Participant: 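This is the structure I want to talk about, given as structure tokens.
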There are 2 protein chains.
Amino acid sequence: MQPGRRHSPAESVALFGYSLTPMILRMLKTRANIKDVASRAGVHPSTVSRVLNPATRSMVSESLAREIVRIADELGYRRNALASGLRTRRTFTVGVIIPDLTNPVFPPIVRGVEHTLDGEGYIAILADSGSKRRSEKALIENMTARQVDGLILAAANRKDPLVDQVIEQGIPLVLVNRTVDKHNVTAVINDDELGIDLAVGHLVGLGHRQIAYIGGPQRTSTGYARYRAFLKTAKKAGIKLDRDLIINAREFTETAGQAAFHELIKTGKHFTAVLSANDLLALGCYDALEELGLRCPEDISVTGFNDMPYVDRFAPPLTTLHIPHDELGVQAATLLLERIENPDTPTKQLRLEPRLIVRGSTAVPSA
Amino acid sequence: MQPGRRHSPAESVALFGYSLTPMILRMLKTRANIKDVASRAGVHPSTVSRVLNPATRSMVSESLAREIVRIADELGYRRNALASGLRTRRTFTVGVIIPDLTNPVFPPIVRGVEHTLDGEGYIAILADSGSKRRSEKALIENMTARQVDGLILAAANRKDPLVDQVIEQGIPLVLVNRTVDKHNVTAVINDDELGIDLAVGHLVGLGHRQIAYIGGPQRTSTGYARYRAFLKTAKKAGIKLDRDLIINAREFTETAGQAAFHELIKTGKHFTAVLSANDLLALGCYDALEELGLRCPEDISVTGFNDMPYVDRFAPPLTTLHIPHDELGVQAATLLLERIENPDTPTKQLRLEPRLIVRGSTAVPSA
DNA sequence: TAATAGGCTGCAATCGTTTGCATAGAATAC
DNA sequence: GTATTCTATGCAAACGATTGCAGCCTATTA
């Protein structure tokens with residue numbers, strides 16, 4: 001570089017005469033690449049590369065490095081992540097698959113994941129699989145084709161060939177929210193047994209003895225674990241279990257909850273409370289109660305699980321189990337980054353503790 | 001290919017003798033690439049490439065093409081999107097930036113975007129900017145470094161240097177939810193004037209004459225447009241405007257709404273309804289009302305804007321303006337794809353119509 | 001029968017970075 | 001003053017796909 005020359009665009013035109021054409025071409029074509037920076041600095045591209053990479057920057061003399069950096073931002077150089085990733089086999093990208101983004105449980109998890117990743121220079125490819133298995137498979141293939149460094153799945157089933165496939169391919173994987181039966185995956189989930197325990201304890205403490213249970217799909221770890229926990233805990237609490245008052249819904253949705261509640265009523269059996277395996281199911285109970293002209297909590301107490309945003313504003317505010325949504329995401333991302341750094345890290349099942357939040361949907365049973 | 005040979009793994013070991021080593025190396029190393037497929041098929045990589053690309057597949061003879069496809073999935077070949085994108089300058093990736101994913105307005109929009117993109121083979125890189133400008137800038141740079149084909153921004157300000165930058169760089173861009181003052185961008189937004197008109201009409205129809213307004217930040221197009229619309233519409237409806245009863249909050253948040261409502265009360269002026277520029281602000285009003293021991297709608301009617309999921313379950317269910325969340329996303333994605341295909345498409349501002357949903361938070365004013 | 005056209009496939013350059021290896025010069029040791 | 005180590009940089013080969021061009025072969029035409 002000739003120190004006397006400053007580069008206003010106009011000067012460039014005047015000063016660099018015949019070198020103008022390639023410059024203009026470059027500007028029209030696309031943004032500067034590493035070769036442009038190198039030739040402007042009169043060095044080899046590899047030197048520029050080393051300067052721009054923190055790990056190798058010290059290999060280059062300080063003064064030259066500074067000059068290169070100056071030129072790089074003068075030209076507005078930005079590393080092309082495709083080329084870089086192709087060469088290094090690291091994309092600093094992770095894929096995140098969510099079954100339904102409009103289920104309010106997931107956005108905070110996603111946010112936790114993203115913020116954690118962002119801190120380490122990673123970015124998330126997010127996809128909403130819409131609960132369809134086929135699209136989920138396609139999404140995973142799409143993501144692996146993009147050479148993601150790892151995957152976070154929030155929609156695993158207890159037996160999940162997709163999960164097996166991912167593991168087999170050696171792609172770092174972390175499950176969140178749900179896990180599989182085999183313990184060969186790292187997962188961040190809730191302590192479902194503790195949660196159900198707390199809910200049952202609360203209802204029993206209020207004096208409920210006939211407690212109905214609306215569970216979720218048994219193919220999911222949450223649906224299964226909560227169901228088992230209910231059986232176990234209820235027995236421990238000494239309340240009599242009536243199989244007719246235990247229904248496992250097909251989906252964790254409001255309509256499924258509503259239908260399940262109607263089924264409970266149809267049995268003709270008496271119950272004073274219904275413990276549901278998730279907030280949406282509880283909402284379905286609200287719907288059914290209203291249709292039946294029953295009041296909550298005066299006639300029937302209802303509890304949920306998850307403490308979705310805004311359930312505290314519902315009529316009545318829902319008694320439920322709070323799970324640390326953000327933390328779930330943060331931990332999942334942290335563990336994934338660990339696995340990416342070191343793929344041989346032993347798998348680990350992290351179980352976060354839920355907290356009972358008592359609100360207006362539970363009360364002492366009416367005489 | 002020698003037709004007599006079938007390839008069970010064990011046979012391969014026996015039959016291919018010395019060719020075993022490279023095969024094993026390949027299997028250990030990573031998944032098959034185009035060269036592997038080519039050499040197994042005894043053709044040049046370019047032929048494989050042509051077969052696997054629908055647009056060029058017809059250049060290759062049908063029988064050879066079929067054989068290559070067979071071998072490709074036998075080897076589990078998947079195109080490396082980095083290499084492909086590097087060469088073609090198309091990544092089939094679009095960046096989506098959302099200010100706050102936990103605001104329930106956004107998930108449906110994101111879902112609409114994703115499903116539309118997915119249909120065309122695109123995938124979304126999603127980022128939650130957390131409303132911080134700096135991180136937003138960094139995110140955009142990160143995404144452009146990854147060579148996204150386009151960008152969808154849901155958090156633009158009326159004057160937005162970031163938006164200008166993106167346009168200047170020639171990256172296809174679509175704004176959603178909010179837009180900028182200049183009409184040099186394609187945007188999908190709501191018809192705010194119509195919405196406010198409907199809300200005012202509803203309140204006036206109920207008999208309200210003293211209507212307070214809690215608006216949003218004036219730096220956003222929604223905040224500004226709704227404010228202007230309120231001024232205009234209220235005048236048209238013949239109700240007297242009291243400047244003290246018009247407050248524009250700094251943020252579209254619950255706490256900002258709460259604070260604004262307290263300010264309204266502090267003026268000592270009489271009003272029977274408050275029209276808020278968004279549901280979260282309305283929720284803040286609920287909070288303030290409760291703190292003040294006032295009832296909604298008996299003492300004060302409240303309206304919102306957006307019809308966020310679940311506001312129908314609040315106590316009281318919120319009267320608000322429904323916007324077609326999914327459609328917002330679908331349109332944004334569609335327009336973006338259009339711009340990606342043809343960057344010279346003239347910019348367009350698409351304005352979707354909101355619909356008034358009357359629920360329990362509005363009533364005839366008390367005498 | 002020779003010339004021409006058209007259909008298939010191969011060749012090699014390219015996209016933008018990274019990195020092991022080589023080398024020139026400077027600095028140190030003896 | 002020479003031998004030896006460093007230091008700083010350049011060289012060139014990857015990474016995995018795509019694509020304009022060239023060339024071969026077969027089929028068609030005059």
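Computed from a prediction, not measured in an experiment: that's the story for all the values here. Sequence lines set the chain letters: A, B, ... in the order given, protein chains first and strands last, and positions in each chain run from 1.
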Participant: Between B:Thr47 and C:dG10, is there a side-chain N or O to OP1/OP2 distance below 4.0 Å?
Facilitator: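 So the side chain of B:Thr47 is within the cut-off, an N or O lying under 4.0 Å from OP1 or OP2 of C:dG10.
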Participant: Rounded off to whole Å, could you give me the CZ-to-C1' distance for the B:Phe92 and D:dA17 pair?
Facilitator: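 Roughly 14 Å, once rounded to whole Å.
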Participant: Does B:Glu62 CD have over 12 foreign heavy atoms under 6.0 Å away?
Facilitator: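 Atom CD in B:Glu62 is packed in, count exceeds 12.
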Participant: Return the value, rounded to whole Å, for the distance between atom CG of B:Leu86 and atom C1' of D:dA14.
Facilitator: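 For the pair B:Leu86 CG and D:dA14 C1', the rounded distance is 13 Å.
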Participant: Give a yes/no answer on whether the side chain of A:Arg89 brings an N or O atom under 4.0 Å of OP1 or OP2 in D:dG16.
Facilitator: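 Yes.
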Participant: From D:dT18, C:dG10, D:dG10, pick the nucleotide closest to the side chain of B:Val43?
Facilitator: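 Given the options D:dT18, C:dG10, D:dG10, the side chain of B:Val43 is closest to C:dG10.
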Participant: Looking at D:dG10, D:dG20, D:dT9, which one has an atom nearest to any side-chain atom of A:His44?
Facilitator: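 It is D:dG10.
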Participant: Measure from CZ on B:Arg50 to P on C:dG10 and round the result to the nearest Å.
Facilitator: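 Roughly 8 Å, once rounded to whole Å.
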Participant: Between atom CG in A:Leu82 and atom C1' in C:dT14, what is the gap in whole Å?
Facilitator: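 Those two atoms, CG and C1', are 15 Å apart.
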Participant: Of the listed nucleotides (D:dT19, C:dT18, D:dG16), which one gets closest to any side-chain atom of A:Ser84?
Facilitator: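 Among the listed nucleotides, the one closest to the side chain of A:Ser84 is C:dT18.
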Participant: Donor-acceptor pairs under 3.5 Å, side chain of residues 41-50 of chain A to any protein atom, not counting sequence neighbours: which ones?
Facilitator:
residue	atom	partner	partner atom	Å
A:His44	ND1	A:Ser46	N	3.1
A:His44	ND1	A:Ser46	OG	2.9
A:Ser46	OG	A:Arg50	NH2	3.4

Participant: Tell me: CZ of B:Arg78 to C1' of D:dG16, nearest whole Å?
Facilitator: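 Whole-Å distance recorded here is 16 Å.
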Participant: Atom CZ of A:Arg146 and atom C1' of D:dG16: how far apart are they, to the nearest Å?
Facilitator: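 Going from A:Arg146 (CZ) to D:dG16 (C1'), I get 16 Å.
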Participant: Between B:Arg57 (CZ) and C:dC8 (C1'), how many Å, whole number?
Facilitator: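 So the CZ-C1' distance, B:Arg57 to C:dC8, works out to 15 Å.
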Participant: With a 4.0 Å cut-off, would you call A:Arg89 and A:Asp149 a salt bridge?
Facilitator: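 Looking at A:Arg89 and A:Asp149, the cut-off is not met.
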Participant: Determine the contact category for B:Arg79: base if any of its heavy atoms lies under 4.0 Å from a base atom, sugar-phosphate if only primed atoms, P, OP1 or OP2 are that close, otherwise nothing.
Facilitator: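 Sugar-phosphate, no base atom in range.
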Participant: Kindly say if A:Asn33 contacts the phosphate of C:dG16, meaning a side-chain N or O under 4.0 Å from OP1 or OP2.
Facilitator: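 The answer is yes; a side-chain N or O of A:Asn33 sits under 4.0 Å from OP1 or OP2.
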Participant: Please classify the nucleic acid contact of B:Ser46 as base, sugar-phosphate, or nothing, using heavy-atom distances under 4.0 Å.
Facilitator: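 Counting heavy atoms under 4.0 Å across all strands, the contact made by B:Ser46 includes a base.
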Participant: Nearest to the B:Asn80 side chain among D:dA17, D:dG20, D:dC11, which nucleotide is it?
Facilitator: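 It is D:dA17.
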Participant: Taking the side chain of B:Asn53 as its heavy atoms from C-beta onward, which of D:dT19, D:dG10, D:dC15 lies nearest to it?
Facilitator: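 Closest of the options to the side chain of B:Asn53: D:dT19.
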Participant: Does the Lys NZ or Arg CZ of A:Arg79 fall within the cation-pi geometry relative to A:Tyr77 - under 6.0 Å from the ring centre and within 45° of the axis?
Facilitator: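 Judged by the rule, A:Arg79 and A:Tyr77 form no cation-pi pair.
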Participant: Contact class for B:Leu64 vs. all strands (heavy atom < 4.0 Å): base, sugar-phosphate, or nothing?
Facilitator: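 It contacts sugar-phosphate atoms only.
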Participant: Could you state the CG-C1' distance from A:Asp36 to C:dC15, rounded to the nearest angstrom?
Facilitator: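 Value for this atom pair: 13 Å.
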Participant: How would you label the contact of B:Arg90 with the nucleic acid (heavy atoms, under 4.0 Å): base, sugar-phosphate, or nothing?
Facilitator: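 Nothing: the residue B:Arg90, judged by heavy atoms under 4.0 Å, touches no strand.
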Participant: From C:dT9, D:dC11, C:dC15, pick the nucleotide closest to the side chain of B:Val60?
Facilitator: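 For B:Val60, the side-chain atoms sit closest to C:dT9.
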Participant: State whether A:Ser61 places a side-chain N or O below 4.0 Å from either non-bridging phosphate oxygen (OP1 or OP2) of D:dA8.
Facilitator: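 So the side-chain polar atoms of A:Ser61 never come under 4.0 Å of the phosphate oxygens OP1 or OP2 of D:dA8.
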Participant: Within the 3.5 Å criterion, strictly below it, is a donor on B:Arg146 or A:Thr93 matched to an acceptor on the partner's side chain?
Facilitator: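 Result is yes, a qualifying pair exists.
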Participant: Using a strict cut-off of less than 4.0 Å between a Lys/Arg side-chain nitrogen and an Asp/Glu carboxylate oxygen, indicate whether A:Arg111 and A:Glu114 qualify as a salt bridge.
Facilitator: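 Salt bridge between A:Arg111 and A:Glu114, a charged N being under 4.0 Å from a carboxylate O: no.
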Participant: Would you kindly compare B:Ala83 and B:Ser58 by the position of their nearest DNA chain C nucleotide and give the one closer to the 5′ end?
Facilitator: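 This one resolves to B:Ser58.
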Participant: In terms of side-chain heavy atoms of A:Thr88, which of D:dT9, C:dT18, C:dT9 is nearest?
Facilitator: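 Nearest nucleotide to the side chain: C:dT18.
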